[in-house]
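Below is one structure; the comments refer to it alone.
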Amino acid sequence: MTTRSPSTRRRNGNDPAATAALERPREVAAAVEAWFARAGRTLPWREVRTGYTALVSEFMLQQTQVSRVVPKFEEFMRRFPTVAALAAADEQAVLAAWQGLGYYRRARLLHAAAKAIVERFGGRVPETVDDLVTLPGVGRYTAGSIASIAFGQRVPIVDTNVARVLLRVAGREGASGDPAIVAWAWDEATRLVEAASDPARLNEGLMELGATVCPASTPACLLCPLAALCRARANGEVGPVRAKPTPTRRTRVYHHVVVVRRGDELLLERRASTGLWASMWQAPTVEHDSLLDVDELAPRLALRVTGLSRVREFEHQTSHRTVVFVVHEARTRSRDGTWAARAALAEYPLSNPMRRILADALTPPSPNRPVRARSS
DNA sequence: AAGACGGGGGC
DNA sequence: GCCCCAGTCTT
């Protein structure tokens with residue numbers, strides 16, 4: 001019943017198979033919407049839909065799996081229940097509430113977005129993509145997601161889930177994060193949302209389908225509402241879909257951490273405002289591209305210490321680095337700097353590995369306590 | 001156009 | 001180990 005417009009052919013470029021992909025956008029949209037209405041998960045941000053719940057959940061969900069977001073979202077909403085509360089909060093408190101989620105820049109951008117909403121939009125989350133994308137940390141995807149899911153606007157969205165689903169339905173080869181593929185997917189998603197009965201249901205359904213039924217590695221085609229319309233399945237080519245065309249290599253960096261303890265207190269310093277773990281706190285740390293022994297480390301410390309000794313080391317992986325934490329202990333007579341008591345530690349934003357290091361340092365010494373990470 | 005940016009879980 | 005994930009910003 002669907003006729004293909006001349007422009008459809010043109011906008012799909014030089015891949016004839018791709019054009020056929022969403023030849024029946026109305027059927028695809030209807031199948032996704034019906035499936036989502038039946039099989040969509042119950043999630044905290046789906047219980048009450050407001051611009052603010054959409055804003056917070058979308059920021060947290062950027063490059064982060066739903067299961068990791070759920071507990072953080074609920075905690076965050078209790079701590080900062082409204083845009084105004086978030087805008088008025090201290091940045092350190094926002095970072096601390098983000099603790100453990102990673103990609104901490106998102107926390108700072110969300111805070112900045114809340115302030116912008118108060119200043120420029122009277123404290124109400126804007127409803128259009130054009131307004132939303134003016135907010136810090138809000139790109140094309142997040143803007144479309146908030147506009148469609150919270151406010152029912154008929155706008156498309158493409159994240160890695162949607163791109164992968166469309167790739168498979170179209171029987172197209174490629175990586176879901178490839179810019180050319182993403183551009184093509186936006187085009188297809190636009191056509192789908194125009195054919196949808198309920199744009200919010202379609203968009204959320206496409207993402208949910210990608211996240212649950214049609215993941216990158218092993219899709220569950222028997223459960224898929226699009227199985228009959230899927231070109232990859234018809235071709236018997238439902239293989240893995242890569243996210244990145246070319247993975248980047250990890251570099252190795254050594255963080256020489258010096259734990260300075262005085263009774264129940266630990267000496268802390270703040271990290272730089274850019275880069276890894278920006279603006280978060282740590283025990284005094286010397287970063288170097290190779291392992292330093294104690295004699296090399298001592299002169300690089302800003303603080304005069306005694307009894308500097310290496311305790312243990314362990315590795316921590318981030319997306320672009322292997323961070324080798326070389327943990328030391330030392331004493332000082334200086335009272336300068338920021339000293340944090342155990343009870344106050346929760347208020348300081350700390351990376352997960354740093355939190356473990358400090359927690360270990362405050363654990364009462366026991367000769368039988370097992371070493372929690374490999375020593376060398 | 002390519003990198004940087006966290007962390008945990010799947011396999 | 002490698003790869004993944006409701007992306008965005010910077011260079």
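Per chain, numbering begins at 1; letters A, B, ... match sequence-line order. Because only heavy atoms are used, hydrogens play no part in the values below, and waters and symmetry mates are left out as well, while side chains stay in.
- One can place CZ of R249(A) at 17 Å from P of dC5(B), the figure rounded to the nearest angstrom.
- Among the protein residues, G275(A) comes within range of the sugar-phosphate backbone only, with heavy atoms under 4.0 Å from sugar or phosphate atoms but none that close to a base.
- Contact annotation for S57(A): no contact, since no heavy-atom pair falls under 4.0 Å across all strands.
- Rounding to whole angstrom units, CE of residue M60(A) and P of dG6(B) are separated by 15 Å.
- None of E315(A), R252(A), Q317(A) except one satisfies the side-chain hydrogen bond (donor to acceptor under 3.5 Å, both in side chains) rule with T322(A); the exception is Q317(A).
- At dC3(C), none of the side-chain N or O atoms of R250(A) fall inside 4.0 Å of OP1 or OP2 (strictly under the cut-off).
- Pair check for dG6(B) finds none; no Watson-Crick or G-U wobble contact set falls under 3.5 Å.
- Here the nucleotide nearest the side chain of Q62(A), chosen from dA6(C), dA4(B), dT8(C), is dT8(C).
- The separation between K244(A) atom NZ and dC5(C) atom P is 9 Å, rounded to whole Å.
- Among the protein residues, R41(A) comes within range of the nucleic acid bases, having at least one heavy atom under 4.0 Å from a base atom.
- Nucleotides dC3(C) and dG3(B) have their P atoms positioned 15 Å apart, rounded to a whole Å.
- Each of dA6(C), dC9(C), dG7(C) was ranked by its minimum atom distance to the side chain of L109(A); first place goes to dC9(C).
- Taking atom CZ of residue R106(A) and atom P of nucleotide dA4(B), one finds them 18 Å apart after rounding to whole Å.
- Taking atom CZ of residue R242(A) and atom C1' of nucleotide dC2(C), one finds them 9 Å apart after rounding to whole Å.
- Side-chain contact annotation: S148(A) with Q153(A), donor-acceptor N/O pair under 3.5 Å absent.
- Across all strands, R46(A) comes closer than 4.0 Å to base atoms (heavy-atom distances).
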Any N/O pairs under 3.5 Å between the protein and nucleotides 7-11 of chain B? List them or say none.
{"from": "dG7(B)", "atom 1": "OP1", "to": "Y104(A)", "atom 2": "OH", "distance (Å)": "2.9"}
{"from": "dG7(B)", "atom 1": "OP1", "to": "W277(A)", "atom 2": "NE1", "distance (Å)": "3.4"}
{"from": "dG7(B)", "atom 1": "OP1", "to": "N352(A)", "atom 2": "N", "distance (Å)": "3.0"}
{"from": "dG7(B)", "atom 1": "OP2", "to": "W277(A)", "atom 2": "NE1", "distance (Å)": "3.0"}
{"from": "dG7(B)", "atom 1": "OP2", "to": "H316(A)", "atom 2": "NE2", "distance (Å)": "2.9"}
{"from": "dG7(B)", "atom 1": "O3'", "to": "N352(A)", "atom 2": "ND2", "distance (Å)": "3.0"}
{"from": "dG8(B)", "atom 1": "OP1", "to": "N352(A)", "atom 2": "ND2", "distance (Å)": "2.5"}

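- Residue contacts for V69(A): at a heavy-atom cut-off of 4.0 Å it reaches no nucleic acid atom on any strand shown.
- Mapped onto DNA chain C by nearest heavy atom, W45(A) and P136(A) fall at different nucleotides, with W45(A) at the one closer to the 5' end.
- In this structure, Y254(A) has its ring center no closer than 6.0 Å to that of H288(A).
- Distance, L55(A) CG to dG7(C) P: 15 Å, rounded to whole Å.
- Mapping A278(A) and T248(A) onto DNA chain B via the closest heavy atom, the residue that lands nearer the 5' end is T248(A).
- At a cut-off of 3.5 Å, with distance as the only test, no side-chain donor of E269(A) or T338(A) sits close to an acceptor on the other residue.
- Between F59(A) atom CZ and dC5(C) atom P the separation is 20 Å, expressed in whole Å.
- Comparing atom distances between the T160(A) side chain and each of dA6(C), dC9(C), dG7(C) picks out dG7(C) as nearest.
- With 3.5 Å as the limit, one finds no donor-acceptor pair spanning the side chains of T332(A) and R304(A).
- In the model, Q92(A) has no side-chain atom that pairs as donor or acceptor with a side-chain atom of E347(A) under 3.5 Å.
- A gap of 15 Å separates the P atoms of dT11(C) and dG6(B), to the nearest Å.
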Fill in: Residues R78(A), E75(A); criterion side chain to side chain contact (heavy atoms under 4.5 Å, CB included); working and verdict
CA-CA 5 Å; R78(A) 282 195 296 273; E75(A) 185 186 330; 4.1 Å; yes

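- Looking at E47(A) and R41(A), no side-chain N of the basic residue comes within less than 4.0 Å of a carboxylate O on the acidic one, giving no salt bridge.
- Its side chain within the 4.5 Å cluster rule, V258(A) clusters with V260(A), L267(A), V286(A), L292(A), V294(A), L297(A), L301(A), L303(A), V305(A), L308(A), W339(A) among the Ile, Leu, Val, Met, Phe, Trp and Tyr residues.
- The nearest heavy atom of DNA chain C to L61(A) and to G137(A) marks one nucleotide each, and the one closer to the 5' end goes with L61(A).
- Using a 4.0 Å cut-off, no side-chain N or O of R105(A) falls inside it from OP1 or OP2 of dG6(B).
- For the pair R108(A) CZ and dA4(B) P, the interatomic distance rounds to 18 Å; values are reported in whole Å.
- Distance noted for atom P between dA6(C) and dC5(B): 22 Å (whole Å).
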